[in-house]
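Numbers for residues simply follow the sequence, beginning at 1. No hydrogens, no waters, no symmetry mates; every other heavy atom, side chains included, goes into these values.
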Amino acid sequence: MVDFTVMIRVLVIIPYKELEEGFLKAIDACECDGVEFTLAHFYGTNPGDIDPASKYDIVVARGMTYYAMRMRYPSLHIIALDTSANGLMEALDRVLSEYGRDVRVGCIVPEATIADEDVIRRLSGFEVSIREARNEKAMSAIADELIADGYDVLVGGGYLRAFCEMRGIRFSGIGLEDSAILRAVKEAIAAARIMESERLRAGFYRTIMEELPFSILAVDRNMVVLSSNAAADSFFSRPLLGTSVSSLFPEGLIEETIEKDVEMESVQRLMDQDVIISQRPISSIIGGAAIISIQTITHFSAVGKGRRSGEGGLIARYTFSDILTEDMGMRMLIAKAIRYAQSDCNVLITGETGTGKELMIQSMHNASRRKDGPFVAINCASLSPDLLESELFGYVEGAFTGAVKGGKAGLFELAHGGTIFLDEIGELPVALQAKLLRVLQEEEVRRVGGSDVIPVDVRVMCATNQDIPALVDKGMFRSDLYYRINLLTINMPPLRKRPGDISKLFRCFIEQFASEMSLSVPTIGDDALSLLRSYAWPGNVRELRNVAQRILILNGSRHIDADAVMAVDIPGQKERPAEMATDSKRKLRNIDTRALYEEFVQSGSTLAEFAAMVGISRTTLWRRFRDLS
């Protein structure tokens with residue numbers, strides 16, 4: 001059990017020993033549970049061995065001691081013991097009783113505004129001068145000045161009392177009224193109650209932070225860590241308090257939240273781990289600050305790729321770690337998909353062909369609570385309506401000619417406890433859409449030719465490259481089915497919208513195919529990558545993958561340059577704008593082949609040496625010179 005007990009410690013500094021009894025009475029008269037009072041006796045600005053900042057939460061002090069404490073410990077809560085006009089009048093009464101009325105009185109106080117000098121003169125009958133001093137040096141100087149001007153008696157606090165005793169000067173001390181003492185004690189208790197509440201709340205939040213299984217940290221407007229839990233310190237292998245965020249998140253994403261008050265969530269690679277980073281502004285609490293949480297997604301990727309779930313090895317092979325991207329929009333989309341994976345709601349993923357819709361859906365299945373259940377996929381455009389119906393819902397024996405003995409379970413039954421993926425849902429015949437809607441609503445299926453209903457527990461994920469709302473308008477897709485499958489949506493961006501991923505994906509595909517074909521991984525020139533990035537890729541990632549495989553097979557060298565890319569027949573490549581052509585292509589177009597060949601012969605170099613000298617690939621030169629022989 002967590003102990004949230006809080007004790008607030010209050011230091012009361014009194015200038016005279018005789019004031020102690022008054023404070024003890026005031027403390028006894030108040031409800032002080034959870035508040036510990038300590039009385040200390042000293043005056044002036046030097047507390048000696050007492051260190052209020054390390055031992056106490058609240059300090060009650062008077063006069064120059066109060067001002068000295070406030071200057072020395074600005075973060076400490078300090079309460080002033082007021083010097084009042086009544087206290088001053090009582091001191092003057094003592095002067096009258098001890099020295100008579102024929103004396104001049106100099107009053108040295110921390111606040112000269114406690115009383116009007118003319119009023120005090122009229123009320124006391126003394127010639128009075130009220131002067132202000134907030135430290136020993138000023139007080140000593142004023143006291144010497146008053147004595148030099150002929151003042152007979154000095155009135156003030158503890159330090160002035162000691163000064164006068166040393167000099168043999170007549171003195172009368174300004175006391176404290178019981179009401180002022182009680183008021184200070186009550187104010188200290190009230191402040192302690194507020195402090196107690198804040199500390200309890202802070203302790204509660206701190207306990208919650210420490211109990212969280214993921215990293216969390218607070219960042220101020222200057223991009224510095226204000227607070228972090230143990231999980232965050234452990235994740236970065238160092239204490240984070242006071243650390244600059246730029247050293248933790250090098251991509252500069254946090255600035256977006258701090259400067260624009262924007263909430264963001266994305267997948268990133270930090271400390272050699274795939275993580276979800278959530279950034280939430282808390283400007284309503286602390287101006288310009290943000291809360292950042294970091295959750296590792298290792299467990300989402302750790303489900304075994306060789307696992308066999310359900311009957312017949314109905315599995316999802318891919319996880320979120322298989323999605324390669326450096327694009328921030330794509331990272332935010334993956335973070336959204338991970339959140340969606342935790343729900344059982346239906347999902348619709350849209351996007352052009354080849355954008356990785358099934359990769360995303362398999363990853364979501366493997367990150368869900370259904371990951372140990374079957375993953376069943378079917379392309380709705382690949383089968384005739386009759387065959388598709390029997391595949392989805394199954395059939396009983398004798399339902400139609402050719403039906404197997406004993407009947408057959410449909411894909412919804414096979415997916416029980418797992419996920420069914422309906423690819424190309426836009427191609428689903430209208431006649432089957434009503435039956436699918438009923439399955440989604442009732443969570444049960446009826447086999448073709450049968451009368452019994454079979455309950456199924458299945459999550460439905462769909463994908464399409466079509467505009468479903470447009471199909472709804474044309475009456476080709478049921479609106480009620482669309483709303484049923486459209487609970488959670490993800491739109492996969494085309495490759496041309498994330499050109500920064502082209503280089504990363506191409507390198508990955510080249511390495512993958514080289515490994516599969518037992519070839520050395522070729523180097524890839526910047527000119528080749530630049531050319532690849534200039535292409536629109538209507539077939540998206542799938543097309544890029546195919547092109548990478550063709551280039552690796554057809555390129556005979558251990559280096560892939562722009563010429564190697566151009567040597568591969570990429571459909572639509574000729575339609576690229578002329579300004580996107582590479583330097584090497586422009587160079588070849590402008591050089592006369594015969595003149596180049598004669599230069600090669602005169603150089604006496606090998607073909608490889610001459611190719612390197614003129615900046616054209618050996619294969620391209622060989623192909624150009626071959627036509628001259």
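Under a 3.5 Å cut-off, the side chain of Q549 and the backbone N or O of R545 do not form any donor-acceptor pair. A donor-acceptor pair is defined here as one N or O able to donate and one able to accept, closer than 3.5 Å; no such pair exists between the side chain of W537 and the backbone of P494. In this structure, D501 contributes its side chain and E326 its backbone to a donor-acceptor pair below 3.5 Å. In this structure, D527 contributes its side chain and A562 its backbone to a donor-acceptor pair below 3.5 Å. Using a distance-only test at 3.5 Å, with no hydrogens or angles considered, a donor-acceptor pair links the side chain of D322 to the main chain of T319. Put simply, the side chain of S534 gets close to the backbone of L531: a donor and an acceptor are under 3.5 Å apart. Of the possible donor and acceptor atoms, none in the side chain of E265 sits under 3.5 Å from a partner among the backbone N and O of I276. Using a distance-only test at 3.5 Å, with no hydrogens or angles considered, a donor-acceptor pair links the side chain of N229 to the main chain of F214. Here the side chain of D220 pairs a donor or acceptor atom with the backbone of N222 at under 3.5 angstrom.
Looking at every heavy atom in both residues, P374 comes nearest to G417 through CD-C, 4.2 Å. Summarising the geometry of L428 relative to Q433, their closest heavy-atom pair is O-NE2, 2.9 Å, with the distance given to 0.1 Å. Across A335 and V267, no two heavy atoms sit closer than the pair N-CG2, 3.6 Å. L422 and V460 make their closest contact through CD1-CG1, 4.1 Å (heavy atoms, listed as atom of the first residue, atom of the second, distance). Contact detail for P522 and I560: the closest heavy-atom pair is CG-CD1, 3.8 Å. Scanning both residues, C508 and L324, for their nearest heavy atoms gives SG-CD1, 3.1 Å.
Atom CD of Q268 is separated from atom CE of M332 by 10.5 Å, given to the nearest 0.5 angstrom. The structure places CZ of F320 at 9.0 Å from CG of L359, a figure rounded to the nearest 0.5 Å. Remark: H416 NE2 to I454 CD1 distance equals 11.0 Å, nearest 0.5 Å. For the atom pair CG (L333) and CD1 (I338), the distance works out to 10.5 Å, reported to the nearest 0.5 Å.
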Considering only distance and modelled atom types, tabulate donor-acceptor pairs under 3.5 Å from the side chains of residues 375-387, sequence neighbours left out.
unit_1, atom_1, unit_2, atom_2, d
N379, OD1, A381, N, 2.8
S382, OG, N379, O, 2.7
S384, OG, L387, N, 3.4

Side-chain donor-acceptor distances from residues 510-519 under 3.5 Å, at least two apart:
unit_1, atom_1, unit_2, atom_2, d
Q512, NE2, E516, OE2, 3.3

What side-chain donor-acceptor pairs closer than 3.5 Å can you find for residues 230-240, not counting sequence neighbours?
unit_1, atom_1, unit_2, atom_2, d
D233, OD1, S228, OG, 2.8
D233, OD1, L240, N, 3.2

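For residues 343-362, the pairs satisfying side chain to side chain donor-acceptor pair (under 3.5 Å) are D344-R369, D344-R370, T350-N491, E352-R496, E352-N540, T353-R542, E358-Q362, with sequence neighbours left out. Annotation: side chain to side chain donor-acceptor pair (under 3.5 Å) contacts involving residues 466-488, sequence neighbours excluded, comprise E427-Q466, R478-D480, Y482-N486. The salt bridge (charged side-chain N to carboxylate O under 4.0 Å, His left out) contacts involving residues 430-441 comprise E389-K435, where partners must be two or more places apart or lie in separate chains.
No more than 12 heavy atoms of other residues, nucleotides or ligands sit less than 6.0 Å from atom NZ of K336. In Q441, the CD atom is crowded: over 12 heavy atoms of neighbouring residues, nucleotides or ligands sit closer than 6.0 Å.
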